[in-house]
Amino acid sequence: MSPELIAKATEARKMALAPYSGFTVGAAMATPDGRIYTGCNIENASYGLSICAERVALWKALSEGAREFRAMVIVTDAEKLTTPCGACRQLLWEYCGDILIHLHSLKGADEEYRLADLFPVPFDSGSL
Ligand code: THU
């Protein structure tokens, strides 16, 4: 994975608003033509309104016209690597397809998956 995409997700994580969980996440997604969109998690006192870093990055990208994606990096400082939650997997699958998902911990761990491996047997437009 490109050091630049990891660096962008690491920077984005610094903007996280996570006063309730104390768990800060950064995400960065890359398009095939080299654009990068970042996000951090943003929590709310009405907990269910909180949003994951991955979705912030995805909404930013889609709202700015991006339609094709190559990879997403997710950065935390947790010992155990953070994978996207179920809701984010569903949304990433719908809008990005089988992208690379690169997990990175500031404690040193790294792993890479295809989204199709994290989200097998999806419900999607082909199911309707
Ligand atoms: N969170 C993310 O932003 N991305 C993930 O992949 C997992 C969880 C956030 C949501 C919430 O603000 C905090 O981490 C704890 O769940």
Side-chain angles (χ1 to χ4, degrees):
M1 183 49 56
S2 85
E4 188 195 5
L5 205 56
I6 295 174
K8 293 270 189 194
T10 303
E11 274 305 299
R13 178 176 166 270
K14 294 179 184 163
M15 299 298 144
L17 292 168
Y20 303 106
S21 71
F23 190 74
T24 57
V25 185
M29 59 195 313
T31 64
D33 61 359
R35 283 174 289 164
I36 293 176
Y37 299 89
T38 62
C40 60
N41 55 327
I42 301 173
E43 298 181 351
N44 187 274
S46 178
Y47 297 166
L49 298 181
S50 301
I51 186 167
C52 295
E54 295 90 325
R55 251 175 286 170
V56 171
L58 178 61
W59 294 157
K60 283 169 69 178
L62 293 172
S63 66
E64 291 182 25
R67 292 293 182 268
E68 285 181 49
F69 301 97
R70 187 175 64 74
M72 174 175 264
V73 171
I74 301 160
V75 171
T76 65
D77 69 352
E79 298 282 353
K80 185 170 180 275
L81 287 165
T82 299
T83 60
C85 77
C88 286
R89 291 180 201 202
Q90 174 73 29
L91 291 164
L92 288 167
W93 180 256
E94 171 106 10
Y95 301 112
C96 307
D98 190 20
I99 57 170
L100 268 181
I101 303 284
H102 184 94
L103 313 178
H104 178 79
S105 166
L106 297 177
K107 297 221 160 58
D110 266 300
E111 276 174 22
E112 204 161 80
Y113 296 89
R114 306 287 327 182
L115 184 57
D117 295 323
L118 295 178
F119 195 56
V121 202
F123 175 79
D124 59 20
S125 59
S127 315
L128 296 171

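One is the number of the first residue; the rest follow in order along the sequence. We use all heavy atoms of the structure for the numbers below, so side chains are in, but hydrogens, waters and symmetry mates are not. When a ligand or atom number is given, it counts from 1 through the structure's own listing order.
In terms of N/O distances under 3.5 Å, ligand 1 is approached by Ala53.
A donor-acceptor pair shorter than 3.5 Å cannot be found between the side chains of Glu11 and Thr38. When only modelled atom types and interatomic distance are considered, Thr31 and Asp33 share a side-chain donor-acceptor pair under 3.5 Å.
Within the 4.5 Å cutoff, no side-chain heavy atoms of Phe123 are placed close to those of Trp93.
Remark: ligand 1 atoms within the under-4.0 Å shell around heavy atoms of Pro84 are 6 (O). Counting the atoms of ligand 1 from 1 in the order shown, those under 4.0 Å from a heavy atom of Glu54 are 2 (C), 3 (O), 4 (N), 5 (C), 6 (O). The Asn41 neighbourhood of ligand 1 comprises atoms 3 (O), 9 (C), 11 (C), 12 (O), 13 (C), 14 (O), with distances under 4.0 Å to a heavy atom of that residue. For ligand 1, the atoms lying closer than 4.0 Å to a non-hydrogen atom of Thr82 are 5 (C), 6 (O), 7 (C).
Using a 4.0 angstrom heavy-atom cutoff, Ala18 does not count as in contact with ligand 1. Residue Thr83 places a heavy atom less than 4.0 Å from ligand 1.
Among Leu92, Val73, Thr83, the one residue that satisfies the side-chain contact (heavy atoms from CB on, under 4.5 Å) test with Ile101 is Leu92.
Judged by distance alone, with hydrogens and angles left aside, the side-chain atoms of Thr76 form no donor-acceptor pair with the main-chain N or O of Val25 at under 3.5 Å. Judged by distance alone, the side chain of Arg70 and the main-chain N or O of Ala30 form no donor-acceptor pair under 3.5 Å. Looking at Asn44, its side chain never comes within 3.5 Å of a backbone N or O of Ser50 through a donor-acceptor pair.
For atom 11 (C) of ligand 1, the nearest protein heavy atom (residue, atom name, distance) is Glu43 OE2, 3.2 Å. Looking from atom 8 (C) of ligand 1 to the surrounding protein, the closest heavy atom is Cys52 SG, 4.2 Å.
Shown here, atom 16 (O) of ligand 1 is out of close reach of the protein: none of its heavy atoms lies under 4.0 Å off.
No part of Ile74 comes within 4.0 Å of ligand 1, judged by heavy-atom distances. Of all the heavy atoms of Ser21, the ones lying under 4.0 Å from any atom of ligand 1 belong exclusively to the side chain.
The shortest heavy-atom contact between Met29 and Cys96 is CE-SG, 3.6 Å.
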